[in-house]
Undergrad: 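Okay, handing you the structure first.
Predicted model only: the values in this text are computed from it and were never measured. Each residue takes its place number in the sequence, starting with 1.
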Amino acid sequence: MRRLILLGVLALFSCIAVILLVAMGVGELLSGATPTAVNTLSTDFPVEPVQIPLSTHSREENSGVHGWLARGTRGGGTVLLVHSIRSNRVEMLSRAKFLNEQGYNVLLIDLQAHGETPGDRITFGLRESEDVEAAVAYLRNTFPHERIAAIGVSLGAAAIVLAKNPLRLDAVVLESLHPTIKEAVENRLRLHLGQIGPVFSPLLLSQLSFRLNASPDELNPISRIGNLNAPLLLISGTDDQHTTMAEAERLFDAARQPKEIWIVPGGGHFNMHAYAGKEYENRISDFLQWYLRKRD
């Protein structure tokens, strides 16, 4: 009997050890940097490579935010484009093209630990928000008389919302944004492991908190979206299993007026421009036209 008990205890500890190792591995995978030599990828419309200095000293010296700037027409407005997780500025290229064709100045950036912008690890909007702040400040200096909007997708949307300092934007579009990091993790675990997946959420969240040296509460866009002092267009898909419709509606309820929400029929957690095409362009164009080009 003692032998059986001992074997049972050893088996239990072995299972716990395996679960901890898996959680550590998944935590590293989720937050690991994804550098890419973006400049080796060609574009078919004129852009200027830019490197925007950071005002913070929290990263290595001489680091900066890498991006592309496409100039539009004077007085036409300016748009910052911020990509999703484990991607880079190339993801936003199709949006940049149609907006630039309409006369907007467009800035596409690589968030820290993505593309060509240095960084040790992905922080789910926490440090990436510093890149957004630097990019908006750069646009304010470069185009002092233009109205400025930002479009962020998933991680990019979180980076906009989690900015610690006021961004002074004239319009914001947030796509596929999660309300809390807990729900984001649970939804992804459920997708990959089934209904038992969320059981492992506390382990994974503790790993992320340890690696980022931050509380999970600091990564919750729903706690900060009410501070976003700009007209908002929130976009989500009916079939998005990473961020559900109910979660998107909670975010919308927490945001200030003026605000609009577009729930895309059949839309998932993917590139809404590629999915919705002309309807996406028309909705974005109408929203930006009103807030960036109207005259009081």
Side-chain angles (χ1 to χ4, degrees), residues 26-45 47 49-52 59 63-70 79-100 106-136 150-163 172-178 181 184-185 187-188 191-192 208 212 219 221 235-237 240-243 264 267-277 280 284:
V26 173
E28 179 61 33
L29 180 65
L30 286 176
S31 63
T34 57
T36 309
V38 175
N39 280 342
T40 63
L41 303 175
S42 63
T43 66
D44 58 3
F45 82 112
V47 294
V50 298
Q51 185 171 347
I52 303 164
R59 299 186 211 162
S63 69
V65 181
H66 289 252
W68 287 324
L69 176 65
V79 183
L80 170 65
L81 298 174
V82 197
H83 63 78
S84 65
I85 195 166
R86 310 194 77 80
S87 185
N88 56 53
R89 73 189 96 147
V90 176
E91 176 190 1
M92 309 302 286
L93 200 52
S94 66
R95 291 171 176 83
K97 290 177 182 177
F98 94 80
L99 290 169
N100 189 244
V106 182
L107 175 64
L108 311 80
I109 62 169
D110 290 338
L111 293 171
Q112 67 98 33
H114 293 79
E116 294 184 324
T117 299
D120 293 331
R121 62 180 61 254
I122 299 166
T123 67
F124 307 96
L126 191 63
R127 294 180 200 154
E128 291 85 356
S129 65
E130 298 171 2
D131 304 324
V132 171
E133 290 185 23
V136 173
I151 300 176
V153 178
S154 189
L155 172 65
I160 293 169
V161 174
L162 294 178
V172 174
V173 179
L174 303 176
E175 303 180 27
S176 305
L177 176 63
H178 56 274
I181 191 66
V185 168
N187 288 343
R188 284 154 179 79
L191 274 172
H192 294 289
L208 292 178
L212 305 183
L219 306 175
I235 301 175
S236 186
D240 189 344
Q241 298 181 62
H242 294 76
T243 300
V264 183
H269 200 80
F270 40 62
N271 190 318
M272 286 297 186
H273 183 212
Y275 177 75
Y280 177 94
I284 295 296

Undergrad: Do you know which two heavy atoms are closest between Ile52 and Ala134, and how far apart they sit?
TA: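 That would be CG2-O, 3.6 Å.
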Undergrad: Parallel under 30°, tilted from 30 to 60°, perpendicular over 60°: which one fits the rings of Tyr280 and Phe98?
TA: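 Ring orientation of Tyr280 relative to Phe98: perpendicular.
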Undergrad: With a 3.5 Å cut-off and no angle check, do the side chains of His242 and Asn187 form a donor-acceptor pair?
TA: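 Their side chains do not contain a donor-acceptor pair, so the 3.5 Å distance test is not met.
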Undergrad: Taking Gly125's backbone N and O only, do any of them form a donor-acceptor pair with Glu128's side chain (distance below 3.5 Å, no angle check)?
TA: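 Side chain of Glu128 to backbone of Gly125, a donor-acceptor pair under 3.5 Å: yes, one is there.
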Undergrad: Just to verify, what does Asn271 make a side chain to side chain donor-acceptor pair (under 3.5 Å) with, not counting sequence neighbours?
TA: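 Counting only residues at least two positions away or on another chain, Asn271 forms a side chain to side chain donor-acceptor pair (under 3.5 Å) with Arg95.
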Undergrad: What is the minimum heavy-atom distance between Glu175 and Ala157, and which atoms define it?
TA: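 Closest heavy-atom pair between Glu175 and Ala157: O-CB, 4.0 Å.
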Undergrad: Please find the pair of heavy atoms, one from His273 and one from Ser94, that lie closest to each other, and give the distance.
TA: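 What the structure gives for the nearest pair is ND1-OG, 2.8 Å.
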Undergrad: Could you state the interatomic distance from CD1 (Ile235) to CG (Leu177), rounded to the nearest 0.5 Å?
TA: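 With rounding to 0.5 Å, CD1 (Ile235) is 11.5 Å from CG (Leu177).
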Undergrad: Between the main-chain N or O of His114 and the side-chain N or O of Asn88, is there a donor-acceptor pair closer than 3.5 Å?
TA: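 No, Asn88 side chain to His114 backbone: no donor-acceptor pair under 3.5 Å.
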Undergrad: Taking all non-hydrogen atoms of both residues into account, name the closest pair between Leu81 and Met92 and its distance.
TA: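 Scanning both residues, the minimum pair turns out to be CD1-O, 3.6 Å.
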Undergrad: Are any side-chain N or O atoms of Asp131 and backbone N or O atoms of Val65, one a donor and one an acceptor, separated by less than 3.5 Å?
TA: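 Flag not set: sc Asp131 to bb Val65 has no pair under 3.5 Å.
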Undergrad: What are the two closest heavy atoms between Leu111 and Gly156, and how far apart are they?
TA: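 Shortest heavy-atom separation between Leu111 and Gly156 comes out as CD1-CA, 4.2 Å.
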Undergrad: Could you tell me the separation between the OG1 atom of Thr117 and the NE2 atom of His66, rounded to the nearest 0.5 Å?
TA: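 These two atoms lie 5.5 Å from each other.
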